Protein chains: 2
Amino acid sequence: MDFPLKDPLKRQSGSGPSPCAACTVRDWVFCSVLSEHELSRLDEMATHLDLSAKETIFNEGDEAKHLFNVTEGLVKLYKLLPDGREQVTGFLFAGDFLGIAMNDTYAYSAETTQPVKICRFKRSDLEQMFREIPKLENRMLNMATNELVQAQDQLLLLGRKTAKERLCTFLLSLSKRADKRGDSPTLVSVPMSRESIGDYLGLTTETVSRTFSKLKKENVLSLNKGGIVELHNLDDLMGLAEDST
Amino acid sequence: MDFPLKDPLKRQSGSGPSPCAACTVRDWVFCSVLSEHELSRLDEMATHLDLSAKETIFNEGDEAKHLFNVTEGLVKLYKLLPDGREQVTGFLFAGDFLGIAMNDTYAYSAETTQPVKICRFKRSDLEQMFREIPKLENRMLNMATNELVQAQDQLLLLGRKTAKERLCTFLLSLSKRADKRGDSPTLVSVPMSRESIGDYLGLTTETVSRTFSKLKKENVLSLNKGGIVELHNLDDLMGLAEDST
DNA sequence: TTCCAAAATTGACCTGAATCATGGAGCGTG
DNA sequence: CACGCTCCATGATTCAGGTCAATTTTGGAA
């Protein structure tokens, strides 16, 4: 399968002068190492896409022709077993790069869980640009090693942590991301479903829900309206994330 | 903590003309993209070390001053929780590169489980060489994405697979490595302990042992002398690795 | 070859999380 | 504002794998 979204109505490429220059996330993402001139060059290469919820961006095993940069919304990355068991390998927010984990084919599937805005680059274009701008390739290597470090943490979580530790670790990571974005680290938006959280943490929906309830009862957090989780004490949470005793 | 092995007796740097040129694994490793001239330059940067079993190469959180290339033996990578629970994040064999998963500090600890030969590079030297030889940095990015793809597979294993599926997946991966190395894919050497396998697969020693016994009873494999596992049918094993029904 | 410590196996039992089942809360649509 | 749908919460029960506790096997060292 290839990129399934060809509807020209959904594209907003060229809908304004150099979207990259106006990009709200350009300081967080790999574009940040580029000069104005290089940025406009990148801009010419990019296709800007508007996706609605539950659309497939690509499937595991598809030929990896494109790389992406999420500028708005939430993307879920996942792998499936033949019998339907699902492992979510990551959630991407605005500013996150998509498509490093591939050789010739993508290592996982990617789908939107909310309306999403995304820039799409041809892999061949980007590789050409790497050759001309080594610092961009260097930036890419940096992002890859960062992802690798994250993956190691997730291995520890899935291999050795209890349900409670897993959920606390997850909430802490959302809190840290929110903080970096400039949002409150204690009033955290949790935009994904219990099921997706379960598939990310190697648990079932029910266990995720029960563990939330337990943490509420223990006064670690409150569940507010609109998927907002209020974390009462980040230091306590850090303890709970590594050792639930 | 820094590299704990300063004993000059253990070093074999300069013990012969350009060890890199004679390196038995140079065609498999990142050195493979280099010309003779570049290789000799790399050689000057490298320190060749001989380690015995159960030595620490570095600890998680140490400042990442060096990168390594394993040329002989077996290295275990792992992360610890405060209460001692351990997650093995990988095993490195001859030809494997060590030290990609780091930013300023290493993301995991590394220790030998057998006598090991290893080349050590200063990170700063290597980064300088990256700047001069872009294809080396490109090779590094390639290795990083490969590791990332591997990590995704391990996430699926740890999050969603049963004990039997995990062990079969592990044995298959050893078989594939052996095949690449030119060894038999059905008579596979399993040089690590049951405990380490458990820590890699998110299981206990006992469960690993029991699962081996079960697979033996089901005639999937035999346990031969010297840690050699005989795999009776690789196609069957591939089925068992994804779906234990 | 004998001896010994470490590693592996196996059994009995327990438990954390999965599974199965039900009811309720939120919310977009007509 | 009632309908229907999806998501979430929670109770009852089951079970895969963990824990605890003996053996048995293995691979060196003397």
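Predicted model only: the values in this text are computed from it and were never measured. A note on names: the letters A, B, ... follow the listed sequences, proteins ahead of strands, and every chain is numbered from 1.
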Exactly one of A:Glu86, A:Lys54, A:Gln114 clears side chain to side chain contact (heavy atoms under 4.5 Å, CB included) with A:Lys76, and that residue is A:Glu86
Got a list of protein N/O to nucleotides 24-30 of chain D N/O distances below 3.5 Å?
residue	atom	partner	partner atom	Å
D:dT26	OP1	B:Lys225	NZ	3.1

Kindly indicate, with the supporting measurements, whether the criterion salt bridge (Lys or Arg N to Asp or Glu O under 4.0 Å) is fulfilled by A:Asp183 and A:Arg177. CA-CA 8 Å; A:Asp183 297 340; A:Arg177 278 191 189 233; over 6 Å; no
Answer yes if the ring centres of A:Tyr200 and A:Phe91 are under 6.0 angstrom apart, and no otherwise. yes
Assign the ring pair A:Tyr106 / A:Phe68 to parallel, tilted or perpendicular, where the plane angle (0 to 90°) is split at 30° and 60°. tilted
*Is the NZ or CZ atom of B:Arg181 both under 6.0 Å from the centre of the six-membered ring of B:Phe93 and within 45° of that ring's axis?*
yes
Ring of B:Phe212, cation from B:Arg194 - is the NZ or CZ under 6.0 Å from the centre and inside 45° of the axis? yes
The bend of the helix from C:dT1-D:dA30 to C:dG30-D:dC1, taken between the axes of its five terminal pairs at each end and rounded to 10°, is 40°
task = Please check the phosphate of C:dA8 (OP1 and OP2 only) for any side-chain N or O of B:Ser209 closer than 4.0 Å.
result = no
Has A:Ser213 got a side-chain N or O lying under 4.0 Å from the OP1 or OP2 atom of D:dT10? yes
Protein-nucleotides 14-21 of chain C N/O pairs under 3.5 Å:
residue	atom	partner	partner atom	Å
C:dA17	OP1	A:Ala163	N	2.8
C:dA18	OP2	A:Thr204	N	3.4
C:dA18	OP2	A:Thr204	OG1	3.1
C:dA18	OP2	A:Thr207	OG1	2.3
C:dT19	O4	A:Arg210	NH2	2.6
C:dC20	N4	A:Glu206	OE2	3.2

Can you tell me how far [atom2] of [N] sits from [atom1] of [X], to the nearest Å?
X        : N      : atom1 : atom2 : answer
A:Met192 : D:dC7  : CE    : P     : 15 Å
B:Arg194 : D:dG17 : CZ    : C1'   : 17 Å
B:Lys54  : C:dA5  : NZ    : P     : 15 Å
A:Asn224 : D:dC8  : CG    : P     : 15 Å
B:Leu201 : D:dG17 : CG    : C1'   : 13 Å
B:Asp83  : D:dG18 : CG    : P     : 15 Å
B:Ile197 : C:dA7  : CD1   : P     : 13 Å
B:Asp199 : C:dA8  : CG    : P     : 12 Å

Using 4.0 Å as the upper bound for N to carboxylate O, is an ion pair formed by [Y] and [X]?
X        : Y        : result
A:Glu165 : B:Arg85  : yes
B:Asp199 : A:Arg160 : yes
A:Glu230 : A:Lys216 : no

Here the pair of heavy atoms bringing B:Leu158 nearest to B:Gly202 is CD2-N, 3.7 Å
### Message
With a 6.0 Å cut-off (strictly less than), is the heavy-atom count around CD of B:Glu60, excluding the residue itself, greater than 12?
### Response
yes
